[in-house]
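Here's the structure we're looking at; comments come further down.
Positions are given from 1, in the same order as the sequence printed here. Both backbone and side-chain heavy atoms feed into the values below; hydrogens, waters and symmetry mates do not.
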Amino acid sequence: MTTETTDTTPATGTGEDPAAGARSAARVLSRRARRCRRRAPGSGAHHRRRGLVELAGLFAAVAVADALARTAANGPRGPGALLVTAVALLVTAAVHRWWARRHPHAPPPADTGPAPDTAGGLAETPEGAPGATALWRMRTTVRDEPGSLAQLCAALARRKVDILSLQTHPLADGTVDEFLLRAPEGLAATTLPRAVAGAGGSGTWIERADAHDLVDAPARVLGLATRTALDPAELPLALRQLLGRCTIRSVPAARAADGQVVPVEGVLDGTVLRLRAPDDGMITIERPHLPFTPTEFARARALVELDNRLGARLPRTPHVMTLDRGEAVTVQRADADDLPEARALHERCSPETLAKRYHGPVRDADRYLDHLLSPRFGRTLAARDAEGRVVALGHLLWDGDETEIALLVEDAWQRRGIGGELLGRLVAMAVEAGGESVYAVTQASNTAMVAAMRGLGLPLDYQIEEGTLVITARLDVTPVCLRPAVDPRPGNARPGR
């Protein structure tokens, strides 16, 4: 097939070569076709077939144009036929261009490139393992206007961030939105606050979350209320799980009377909550890194009010264990009702035993019992002999963000495994409460307490200050010898250590 022909025969009635004009129009059509193909590049077998078909059509058009040019140059109506051919070629090129624009050869590209950012930059593409995600808890304040939340959600969607749950905390001049997010693993922690700020959010706070945060918020609150209803010692733990990372302190009524009087409805003061305790004391909750909202204040106040209305209560399911010498000892919870028996235990203990336990004057030992046996400050386990006398006490005390553990065993019952049994159960309670560590304060000469702590099989840290030994046990590993906090079959005998 001839694609270009040189004809020296002069055209009749014209000064130009008709074939050259046809070839020029064909070249214009060819250039436009190539430009269209560059503008919409094809990929795959389908696009290669389309390209071959277009190329064959182009060659056919050039051949027809050349034949018409020859006919026009040698025929009586050559100029008119040539003009008609040129118009036909121009119409064909216009139709081809219109068709290429409406039906591009290549499909729309996948949405894998950077998306524009509302802050003016480009969205950051996370780098990490394909499909790997991380959970985040985020809180930000938005304007109380229609569409403000939609802008925030759109900014998160552009970064492939999935919103798993949303809670709203209305304020006087805006709304605090609390999100549980699933984001790509490689997304930097600073990316989300920047994106939220570009979408109108302010005061953004973010931290990593875990699988426990996936629990539905109403279900979690109901669970905390149930735990508090069954056991008053659960109130500080329930408040901590309800409000997140915070410090909770209980102030007795006598000490609260010396300072600020808390009204019945409580006080919300930025990062501090003050609530009225059942015994006219005060519960102080501090969270310096994040202010409390009125919604959180109402939830905490409702939980404390539930505890106040239920009054004194304590689960007293007994658990029997058998010691090395065959004696049966019953372990159960204790509270202020057991105060006379605890004082009787003090009277049977030697001054040396009391001094190792309380690190102070022996005559002041009874003064500590009111605080130690109150469920507001922790949990207490009492071991009783066959006659019902209290022969040992174990205390788990909430000390702000930390947890203290303490033991007192009557002299006649020491070295029989009671201390190790109580210690294991107390540590199990601390694990259930979500504690990260427990510590015991004793004397360096108290080898029995040191041995009991070592028997837990947990990593220990020792610090000695002026003859006082502080032993800290980490709870983020699996212990070797850990007693269950609650025996699944109450009344069954358990061998002692």
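Nearest heavy atoms, Arg333 versus Asp338: O-OD2, 4.4 Å. Shown here for Leu180 and Ala209, the closest heavy-atom pair between the two residues is CD1-CB, 3.8 Å. Closest of all the heavy-atom pairs between Val390 and Ala382 is CG1-CB, 4.3 Å.
Between the side chain of Asp385 and the backbone N or O of Gly388 there is at least one donor-acceptor pair closer than 3.5 Å.
Between Leu275 and Arg301, some side-chain heavy-atom pair lies under the 4.5 Å cut-off. Between Asp213 and Leu135, the closest side-chain pair of non-hydrogen atoms is not below 4.5 Å. Counting only heavy atoms from C-beta outward, the side chains of Arg220 and Gln241 never approach each other to under 4.5 Å. A 4.5 Å side-chain heavy-atom check between Leu303 and Leu239 finds at least one atom pair inside the cut-off.
None of Thr204, Thr175, Asp177 except one satisfies the side chain to side chain donor-acceptor pair (under 3.5 Å) rule with Thr140; the exception is Thr204.
Shown here are the ring pair (Phe, Tyr, Trp, His ring centres under 6.0 Å) partners of His346, two or more places apart in sequence or in another chain: Tyr358. For the side chain to side chain donor-acceptor pair (under 3.5 Å) test, residues two or more places apart in sequence or in another chain that qualify with Arg143 are Glu145.
Both tests pass for Arg287 against the ring of Phe292: distance under 6.0 Å to the centre and angle within 45° of the axis. In this structure, Arg182 is not positioned above the aromatic face of Trp136 in the sense of NZ or CZ being under 6.0 Å from the six-membered ring centre and within 45° of the axis.
By the 4.0 Å N-to-carboxylate-O rule, Glu305 lies too far from Arg276 to be salt-bridged with it. By the 4.0 Å N-to-carboxylate-O rule, Arg416 lies close enough to Glu327 to be salt-bridged with it. Using a 4.0 Å cut-off between charged nitrogen and carboxylate oxygen, Glu436 and Arg245 do not count as a salt-bridge pair. A salt bridge does not link Glu207 to Arg139: none of the charged side-chain nitrogens sits closer than 4.0 Å to a carboxylate oxygen. In this structure, Arg389 does not pair ionically with Glu341, as no charged nitrogen and carboxylate oxygen lie closer than 4.0 Å.
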Side chains of residues 438-445: which donor-acceptor pairs under 3.5 Å do they make with residues two or more places apart or in other chains?
from: Tyr439; atom 1: OH; to: Asp399; atom 2: OD2; distance (Å): 2.7
from: Thr442; atom 1: OG1; to: Asn446; atom 2: ND2; distance (Å): 2.9
from: Gln443; atom 1: NE2; to: Ala355; atom 2: O; distance (Å): 3.4

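In summary, the side chains of Glu296 and His169 do not present any donor paired with an acceptor at a separation below 3.5 Å, with no hydrogens or angles considered. Side-chain atoms of Thr353 and Asp411 form a donor-acceptor pair, as typed in the model, at a separation below 3.5 Å.
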